Structure formats: C-alpha cells, structure tokens
Number of protein chains: 2
Amino acid sequence: MFDVFHEYIYGVSMSTPRQKPRSLTPEKLVAKAMELANESGFEALSMRKLAHALGVTAMSLYNHVANKDALLDLMLNEVVARYETPKFGGEWQDEMRRRAHSMHRALLANRWASTLLISRIAIGEAVLRDNDATVGCLVTAGFTYAQADWARNAIDNHIYGFTVQEVNYPVDPSTYQAAAAQYLPMIPQDTYPFMHQAAVQIAEGKYDGIVQFEFGLELILDGLNRWVGTA
Amino acid sequence: MFDVFHEYIYGVSMSTPRQKPRSLTPEKLVAKAMELANESGFEALSMRKLAHALGVTAMSLYNHVANKDALLDLMLNEVVARYETPKFGGEWQDEMRRRAHSMHRALLANRWASTLLISRIAIGEAVLRDNDATVGCLVTAGFTYAQADWARNAIDNHIYGFTVQEVNYPVDPSTYQAAAAQYLPMIPQDTYPFMHQAAVQIAEGKYDGIVQFEFGLELILDGLNRWVGTA
DNA sequence: ACCTGAACACCGTTCAAGT
DNA sequence: ACCTGAACACCGTTCAAGT
C-alpha cells in the first residue's frame with residue numbers, strides 16, 4: 001500500500017534501484033562543506049549552515065553521513081588524496097621532497113585541514129595509501145621498517161608542524177617588516193633583549209623574518225641520508 | 001546611599017580596598033579549569049561546568065576573565081611557564097636538549113595543551129620569555145638572528161608535532177604488539193603490502209613500533225650543528 | 001527513500017537587577 | 001564589588017511523522 005503510494009508519487013518502484021541521480025549525495029555534502037570551510041572559515045561550518053547552503057534542513061544531512069565527525073573525515077580524505085604518491089626505485093630523497101611539497105600545497109589550499117590532520121587519526125583510504133607508499137619507498141631504498149617509520153615521523157612532524165604554524169600566524173609574511181617596525185616599541189629591550197634585536201633586524205630589512213619550509217625539510221632529509229648510510 | 005548599604009552588608013567601604021581575600025580570583029579559575037581539563041578531558045571544559053565546579057553560576061566567571069579564549073590563554077601560559085629556560089654561555093645543544101625534554105614533559109602532563117599551543121599564537125608572558133631565552137642562547141652560541149629563528153622553528157616543529165601525535169594516538173604504546181596482531185587481518189596484503197609487513201614485524205616482536213622523541217630531536221640538533229659550523 | 005518540524009540537551013555571552 | 005536569573009543566539013543530534 002505504502003509502496004504503491006511511493007511509486008505513484010515518485011514514479012519509481014521502491015524495490016527497484018533509483019534511475020535518476022539522487023539530489024543529495026555524500027560527495028555533494030563533502031564538496032559543499034569544503035567550499036564553505038575554504039571560503040568562510042572552518043568555524044563557520046555547522047551542519048545547519050551546510051544544510052542551508054544545500055537548500056535543505058539540517059536533519060536531512062544525516063541520511064547521507066553518520067554525523068559531523070564522519071563528514072570531517074571525508075573532507076580530510078579529500079585533502080590527503082591530493083598528496084603525491086612516492087614512487088619506488090628512484091632517489092628516495094627526491095620522492096620524499098616531491099611528496100612533502102605536494103602536502104604543503106594541499107594543506108595551504110585547504111587552510112582548515114592541517115590543524116585537524118595533525119591531531120586526528122583519520123584513517124581514510126587516502127591516508128592508508130599515502131602511509132603504505134611512503135614506507136614502501138623508504139624500505140625499497142634500503143631502510144628497515146623501524147627506520148622507515150622513524151623517518152616518516154620526522155618528516156611529517158616538520159610538514160604538519162610548519163604548516164599549522166604558517167596558516168594560523170596572524171600577520172602576512174609580506175608585511176613582516178612593517179609589523180616589526182610597528183611593534184618594536186612594545187617589546188621592551190631590557191626584559192626581551194634578543195626578541196627586541198630580532199625585531200630591529202627585520203625592521204631594518206637585514207632579514208625578512210620568513211622561515212622557509214625547505215630549510216627544516218632538507219635538514220631532516222640530509223640527516224636521514226647520513227643515518228641510513230651508517231646504519 | 002548605595003555605598004552605605006554595601007558597607008553595612010559587607011563590612012567594607014567601597015572606597016577602601018578589600019581586606020580579606022576575594023573568594024574567586026583569576027588564578028583560582030585557571031587552576032580549577034586545568035584540573036577539569038586534565039581529569040575529565042578538554043572537551044568537558046565549558047564555562048558552565050567550570051562555574052559549577054567552583055560552586056558558582058557561569059555568568060560570575062566573567063567578572064574575573066574576559067571570555068573563554070582569555071581563560072585558555074591563561075591556562076596555556078601556565079603550561080609554558082614550566083618550560084626550562086636555556087642558559088647562555090654553555091653548550092647550546094645541551095641547553096636545547098634540556099628545554100626540549102622539559103617541554104615534552106609539560107605537554108604530556110597537560111595532554112590538552114599541545115593541540116592548542118601548536119595552532120594558537122598565545123603571546124603570554126611565559127611564551128615571550130621562552131622565545132627570548134631560546135633565541136638568546138643560540139645567538140650567544142654564534143647563530144645569526146635569522147639562523148636562530150630557523151633553528152628554533154625546526155626544533156619546535158618537532159617537539160609540538162611529535163607530542164600532538166603522541167597524545168592523540170588512540171592506542172597505548174605498551175599494547176602495540178597485541179594491537180598489531182589483532183588488526184593484521186584487516187590490513188590486506190595486496191593493497192597495503194608495506195603496512196602489512198610493518199604490522200607483521202611488530203606482531204612478531206621484531207620491532208616495538210615506538211618512535212622515540214629523541215630520534216627526531218637529535219637528527220635536527222646534529223643537522224643544526226653541521227649547518228652553523230659551515231655557515 | 002528521503003526530507004521535515006519539533007524537541008532535547010547542550011554551548012558562550014550580555015544585560016539588568018539583586019545584595 | 002561581585003554574583004545572579006533570564007534571555008539571546010547559536011550548536012549537534014534524535015525521533016516520529018510526512019510524502
């Protein structure tokens with residue numbers, strides 16, 4: 001009886017699969033949620049606002065996604081899917097460099113992501129694939145499994161640590177010099193002599209105040225190279 | 001008129017400073033908030049619950065602290081105040097090591113802190129003092145200001161990155177072997193061959209699966225030592 | 001199968017009123 | 001000076017009811 005009514009209204013039998021694409025899908029939720037987070041900031045992303053942006057009420061989202069946490073996991077998986085996968089057999093340092101820069105780019109393109117990824121153990125398919133390929137590249141290059149694990153930890157701590165600081169820093173790198181000049185009087189020379197002097201150097205243009213992502217990365221890759229050679 | 005009434009009730013003139021200690025102070029708020037966060041988890045810390053724990057209503061907290069954000073800054077300042085301050089003139093590597101281990105200890109004792117500290121630019125007095133002493137120690141040891149800045153960034157990325165992962169990891173290190181054996185069937189060998197093999201090694205006890213905090217730290221200190229020497 | 005309204009159990013914060 | 005009750009503007013999520 002209910003089935004007949006449903007069929008009359010929607011033109012589709014309940015027992016046969018849907019023919020036309022459903023209006024809402026998990027993929028559409030994730031895409032719109034990422035759009036919202038990127039354009040309006042992560043704190044503006046609520047289930048209610050996401051639903052509104054999709055022209056629907058909040059409760060209907062729960063037909064496509066278990067809860068907000070599951071939605072966040074799907075969003076993070078989408079970001080991690082953009083990490084470039086290390087190849088086996090070539091120079092492992094080049095592969096790690098390529099992966100690191102692609103991660104940095106993906107995290108800068110989705111500025112809300114790094115802060116979540118560093119603290120959350122999101123085991124989506126993309127994370128597993130990245131883990132496997134990264135360990136695989138290092139092991140193929142001659143690392144033991146323990147060494148590969150430790151190496152990946154050192155590399156990833158730098159990538160995530162650096163990027164989280166970068167996206168949360170309140171002043172734009174291009175205005176460091178002006179900012180240093182402006183805040184100089186607020187850093188008392190007698191209590192904070194070295195920070196004061198650092199600000200002087202930045203204000204005078206002797207140093208741009210910008211820490212390069214590559215610095216820490218090369219420091220670690222170089223150390224790892226030396227470590228494996230002598231293991 | 002109001003003043004007289006106040007004096008009658010409280011036995012203290014409004015124009016003279018209070019004699020007996022006030023029942024609630026910012027220090028007491030911060031101490032109880034840290035106790036709550038450490039014992040019940042950070043997500044259980046709300047202004048309403050904190051007030052309840054202090055035997056008071058939520059709104060009265062705003063007499064002692066501007067808002068929740070200001071309270072968090074005060075809590076974080078308390079954690080950073082426990083970082084050991086590098087001394088000038090000695091071996092800079094020893095001073096950095098001592099500082100790093102004290103940070104690691106402070107962050108493990110307050111497991112909610114690292115996730116906040118890494119993303120938030122909390123400029124409390126303790127952060128300024130730590131910054132100044134760390135840069136000061138490196139500059140005194142022969143680093144330029146730019147080098148000291150880059151070095152501190154590399155060191156701190158490791159400390160925070162490592163510890164955030166450590167406190168958020170869902171399984172206890174002492175149970176890695178059992179966990180690896182348990183989850184092994186869920187890591188398909190054909191799609192994730194290297195993760196599978198890593199789990200095999202941990203399950204068989206060939207490798208404990210634990211990444212040491214010291215590994216990345218020494219890797220970086222060693223690299224820095226080489227870098228300054230050749231600068 | 002999917003969407004909805006009403007409701008529940010929370011949040012942080014403001015403001016006028018109390019003592 | 002400090003604390004309070006009531007209220008505002010939000011949250012995530014459940015559940016029974018609608019089509």
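Worth saying up front: this structure is predicted, and the values here are computed from it rather than measured. Throughout, a chain's letter reflects where its sequence line sits, starting with A, and its residues are numbered from 1.
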Inset, instruction - Just name whichever nucleotide pairs with C:dC2, Watson-Crick or G-U, keeping both distances under 3.5 Å, else none. - result: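 Base partner found: D:dG18.
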
Inset, instruction - Tell me the partner of D:dC11, counting only Watson-Crick (N1-N3 plus N6-O4 or O6-N4) or G-U wobble (N1-O2 and O6-N3) with both under 3.5 Å; none if nothing fits. - result: none

Using whole Å, report how far [atom1] of [X] lies from [atom2] of [N].
| X | N | atom1 | atom2 | value |
| --- | --- | --- | --- | --- |
| B:Leu36 | C:dC11 | CG | C1' | 16 Å |
| B:Met47 | C:dT13 | CE | C1' | 9 Å |
| B:Lys28 | D:dC2 | NZ | P | 12 Å |
| B:Asn63 | C:dA16 | CG | P | 15 Å |
| B:Glu43 | C:dC10 | CD | P | 15 Å |
| A:His52 | D:dA9 | NE2 | C1' | 16 Å |
| A:Arg48 | C:dC10 | CZ | C1' | 11 Å |
| B:Tyr62 | C:dA17 | OH | P | 21 Å |

Look at the side-chain N and O atoms of [X] and state whether any lies under 4.0 Å from the OP1 or OP2 oxygen of [N].
| X | N | value |
| --- | --- | --- |
| A:Ser46 | D:dC11 | yes |
| B:Ser60 | D:dC2 | no |
| B:His64 | D:dA1 | no |
| A:Ser23 | C:dC3 | yes |

Inset, instruction - Among B:Val79, B:Val164, B:Leu108, B:Ile159, find the residue that satisfies the side chain to side chain contact (heavy atoms under 4.5 Å, CB included) test when tested with B:Ser114. - result: B:Val164

Inset, instruction - Verify the distance criterion only: is there a donor paired with an acceptor across the side chains of A:Asp149 and A:Asn153 at less than 3.5 Å? - result: no

Inset, instruction - For the residue pair B:Asn38 and B:Asn110, confirm or rule out a side-chain donor-acceptor distance under 3.5 Å. - result: yes

Inset, instruction - Sticking with atom C1', work out how far D:dC11 lies from C:dA7, rounded to a whole angstrom. - result: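 So the two C1' atoms sit 14 Å from each other.
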
Inset, instruction - Can you label the angle between the A:Tyr176 ring and the A:Tyr169 ring as parallel, tilted or perpendicular, going by 30° and 60°? - result: perpendicular

Inset, instruction - Tell me what A:Met59 touches on the nucleic acid: a base, only sugar-phosphate, or nothing, going by heavy atoms under 4.0 Å. - result: base

Inset, instruction - Go through C:dC11, D:dG12, C:dC2 for me and flag the one nearest to the B:Lys49 side chain. - result: C:dC11

Legend entry - A:Leu24, nearest nucleotide to its side chain (from D:dC11, D:dT4, C:dC3): C:dC3

Inset, instruction - For the pair B:Arg99 and B:Glu95, find out whether any cationic side-chain nitrogen is under 4.0 Å from an anionic carboxylate oxygen. - result: no

